[in-house]
Amino acid sequence: MKAFSIEFFKRGLISAWGGPFVLAIIYYIVGKIESIENISVNEVSLGILSITLMAFFAGGITAIYQSEKLPIAFSALIHAAVLYLDYLIMYLFNDWIPRSEIGIFTAIFAAGFAIIWLIIYLCSRKQTDGINKHRKDNA
């Protein structure tokens, strides 16, 4: 557990720097879509702290795949659950989504997570098949 905690913290810190960058992009896009003339200092500060914390947990939880001896499917479920709670709690805390939209958020999150894992699986499968073919041809 100590190795996981250290790896979680290290990955979290590496990922956290990107939080303010992502927030700046989001504010830029929202500013182009909606007519926002100014944002209060408190709102910007809360946004920076919130998204930095979100990035810390999102990056840190990826340690589950390498530091713990868990089946990949169980690790993916833990990863999904932590990301879901991380995002949902911060989105609700900052009023980035209304409570009435939790169902839509959940569906979009589940679909996005499944699509990403499908892409990872297909790419890994293709790479493994290529390695096996190469080994078979050279044997």
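Note that the structure is predicted; figures quoted are calculated from it, not measured.
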Output for pair (S124 OG, I119 CD1), nearest 0.5 Å, gives 11.5 Å
Interatomic spacing from CG in L85 to CE in M90 - rounded to 0.5 Å: 11.5 Å
What distance do I72 atom CD1 and I120 atom CD1 have between them, rounded to the nearest 0.5 Å? 9.0 Å
Any chance you could measure N132, atom CG, to R135, atom CZ, to the nearest 0.5 Å? 6.5 Å
Provide the closest heavy-atom pair for E7 versus A63 in the form atom of the first, atom of the second, distance. CG-CB, 3.5 Å
For Y65 against A76, the heavy-atom pair lying closest together: OH-CA, 3.3 Å
How far apart are the closest heavy atoms of W17 and I14, and which atoms are they? CD1-O, 2.5 Å
Which pair of non-hydrogen atoms, one from Y87 and one from M54, has the smallest distance, and what is that distance? CD2-CE, 3.4 Å
Hydrophobic cluster identity match, F113 and L77, side-chain contacts under 4.5 Å: no
dist I131:CD1 -> K126:NZ (nearest 0.5 Å) comes out at 12.5 Å
Are F74 and V82 grouped together when hydrophobic residues (ILVMFWY) are joined by side-chain heavy atoms under 4.5 angstrom apart? yes
Side-chain touch Y27/E43, heavy atoms, less than 4.5 angstrom: yes
Is there a path from L83 to I97 through hydrophobic residues (I, L, V, M, F, W, Y) whose side chains come within less than 4.5 Å of each other? yes
Can you name the nearest heavy-atom pair linking P20 to I51, along with the distance? N-CG2, 4.0 Å
Quick one: list whatever passes side chain to side chain donor-acceptor pair (under 3.5 Å) with D129, sequence neighbours left out. none
What do you reckon, are the aromatic ring centroids of F8 and F56 less than 6.0 Å apart? yes
Under 3.5 Å: donor-acceptor pair, side chain of W117, backbone of A114: no
Look only at the side chain of T62 and the backbone of G59, and say whether a donor-acceptor pair between them is shorter than 3.5 Å. yes
Side chain to side chain contact (heavy atoms under 4.5 Å, CB included) evaluation trace for D86 with L53: CA-CA 9 Å; D86 179 30; L53 190 60; 5.6 Å; no
In one Ile/Leu/Val/Met/Phe/Trp/Tyr side-chain cluster, 4.5 Å: I89, W96: yes
Residues 94-117 vs salt bridge (Lys or Arg N to Asp or Glu O under 4.0 Å), sequence neighbours excluded, gives none
Before you tell me yes or no, could you show the steps for F105 and Y84 under ring-ring contact (aromatic ring centres under 6.0 Å, His included), namely the whole-Å CA-CA distance, both residues' side-chain angles and the distance that decides it to 0.1 Å? CA-CA 9 Å; F105 168 79; Y84 176 77; 5.6 Å; yes
Closest heavy-atom contact between A16 and T52? O-CG2, 3.7 Å
Atom pair CD1/CG of I48 and L23 - distance to nearest 0.5 Å: 6.0 Å
Checking F109 against I104 for the side chain to side chain contact (heavy atoms under 4.5 Å, CB included) test, could you report, in this order, the C-alpha distance in whole Å, the side-chain angles of both residues, the deciding distance, and whether it holds? CA-CA 8 Å; F109 178 85; I104 294 170; over 6 Å; no
Determine whether F57 and I116 fall in the same hydrophobic cluster, where Ile, Leu, Val, Met, Phe, Trp and Tyr are linked whenever their side-chain heavy atoms lie under 4.5 Å apart. yes
